[in-house]
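Have a look at the structure below before the remarks.
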2 protein chains.
Amino acid sequence: MLIGELARRTGTTTRALRHYEDTGLLVPERTTAGYRTYAPADVARVAQIRALLDAGIGTATIRRFLGCARDGHHGTYLELCPDLRAELDAIAARMDAEQAALSARGARLAGLVTCPR
Amino acid sequence: MLIGELARRTGTTTRALRHYEDTGLLVPERTTAGYRTYAPADVARVAQIRALLDAGIGTATIRRFLGCARDGHHGTYLELCPDLRAELDAIAARMDAEQAALSARGARLAGLVTCPR
DNA sequence: CTTGACCTTCACGCCGGCGTGAACCCCTAC
DNA sequence: GTAGGGGTTCACGCCGGCGTGAAGGTCAAG
């Protein structure tokens with residue numbers, strides 16, 4: 001299928017799919033005219049990519065571990081190797097830090113509004 | 001005082017102070033040679049700016065409401081006018097949304113790691 | 001006079017996942 | 001032929017608070 005159809009089937013945009021190719025996440029075939037052609041399996045592959053992106057995993061990391069992605073009855077999951085586990089721990093730590101920073105900002109914001117009396 | 005001394009006194013950097021001028025938060029005098037000279041009161045002013053920035057308020061908003069900033073025994077606080085209150089509510093709402101998005105990402109990340117059995 | 005610590009004005013880099021034109025080619029249908 | 005709905009490759013914009021050189025002027029001290 002062409003890029004437009006894949007975009008429609010996956011609920012993404014053609015721009016996103018091209019971006020996934022730029023970052024090495026998805027490497028479609030090409031017609032003689034240069035058109036990208038995707039395999040039916042790429043629909044599931046894009047769904048996996050979206051699941052990982054939505055989980056806060058960056059494209060650079062996804063590129064290295066997309067092969068570890070599997071699909072179960074609860075949705076996408078990851079087959080953990082030590083490297084991947086370490087990476088996910090780092091991501092989780094980063095997210096915890098962001099959470100802490102955000103709630104600290106929230107507290108400070110509230111502090112600015114409290115009536116000084 | 002010159003920009004370096006103000007930076008030292010406020011614990012910021014000269015780059016940050018110049019940036020505050022670029023965005024209209026702080027408008028120092030100039031010597032004949034073009035050097036920025038700051039009044040002693042600017043030390044407190046920078047502290048207020050830092051307090052607002054650390055609370056998640058952007059420079060554009062600070063520029064409009066820096067005049068509402070006061071200093072109490074609990075630190076900086078804001079004298080609320082209706083416009084400012086609306087603005088702060090919007091910022092708080094944005095932060096709540098970010099919090100929700102972040103914890104959703106965290107849940108998805110955890111979901112990817114759970115053993116599928 | 002010279003060193004050296006100060007200051008000045010540009011102006012790009014960062015972080016990341018795309019959005020958004022611009023300018024152009026491919027193919028089908030009328 | 002031509003209209004139109006695909007596709008293609010650049011390449012900058014965004015969001016924001018600065019970091020980080022680069023190239024050069026200012027001024028007190030030795």
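It should be emphasised that the depicted structure is a prediction, and the values quoted were computed from it without experimental measurement. A note on names: the letters A, B, ... follow the listed sequences, proteins ahead of strands, and every chain is numbered from 1.
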Contact list for DNA chain D against residues 53-69 of chain A - heavy-atom distance below 4.0 Å: none
Short question: side chain of A:Arg105, backbone of B:Ala55 - any donor-acceptor pair under 3.5 Å? no
Can you check whether B:Arg36 has a side-chain N or O nearer than 4.0 Å to OP1 or OP2 of C:dC7? no
Over all heavy atoms of both residues, which pair between B:Leu53 and B:Ile57 is shortest? Give the atoms and the distance, please. CD2-O, 3.4 Å
What are the two closest heavy atoms between B:Leu102 and A:Met95, and how far apart are they? O-CE, 3.5 Å
Determine yes or no for a side-chain-to-main-chain donor-acceptor pair under 3.5 angstrom, with A:Thr12 supplying the side chain and A:Ala16 the backbone. no
Keeping the roles fixed (side chain from A:Asp42, backbone from A:Ala39), state whether a donor-acceptor pair exists under 3.5 Å. yes
Whole-Å distance, A:Arg18 CZ to D:dT9 C1', equals 9 Å
Once hydrogens and angles are ignored, does a donor-acceptor distance under 3.5 Å link the base of C:dG17 to the side chain of A:Tyr20? no
Residue pair A:Arg50/B:Gly34 against DNA chain C: nearer the 5' end by closest nucleotide is B:Gly34
Just report the end-to-end axis angle for the helix from C:dC1-D:dG30 to C:dC30-D:dG1, five pairs per end, to 10 degrees. 50°
Taken to the nearest whole Å, OH/A:Tyr38 to P/D:dT8 is 7 Å
How would you label the contact of A:Thr14 with the nucleic acid (heavy atoms, under 4.0 Å): base, sugar-phosphate, or nothing? nothing
Basic-acidic side-chain contact under 4.0 Å: B:Glu21, B:Arg36: yes
When rounded to whole Å, the CD to C1' distance for the pair A:Glu21 and D:dT9 reads 11 Å
From C:dC6, C:dT8, D:dT26, pick the nucleotide closest to the side chain of B:Ile3? C:dT8
Less than 4.0 angstrom between a side-chain N/O of B:Thr23 and OP1 or OP2 of D:dG17, yes or no? no
Measure from CG on B:Leu17 to P on C:dT8 and round the result to the nearest Å. 10 Å
Considering all heavy atoms, the nearest B:Thr76-A:Leu112 contact: O-CD2, 3.4 Å
Is it the case that D:dT20 (base atoms only) and B:Arg15 (side chain only) share a donor and an acceptor within less than 3.5 Å, ignoring hydrogens and angles? yes
Calculate the interatomic distance between B:Asp22 atom CG and D:dG16 atom C1'; express it in whole Å. 13 Å
Can you tell me how far the CG atom of A:Leu26 sits from the CD1 atom of A:Ile49, to the nearest 0.5 Å? 5.0 Å
Write down the distance between CZ (A:Arg30) and C1' (D:dG7), rounded to a whole number of angstrom. 10 Å
Between C:dC7, D:dC18, C:dG17, which one does the side chain of A:His19 approach most closely? C:dG17
Is the backbone of A:His19 close enough, under 3.5 Å, to the side chain of A:Thr23 for a donor and an acceptor to pair up by distance? yes
OH of A:Tyr35 versus C1' of C:dC24: gap in Å, rounded? 11 Å
Positive for side-chain hydrogen bond (donor to acceptor under 3.5 Å, both in side chains) with B:Tyr20, one of B:Arg45, B:Arg50, B:Arg63: B:Arg50
In this structure, how many angstroms lie between the C1' atom of C:dC6 and the CG atom of B:Leu6, rounded? 15 Å
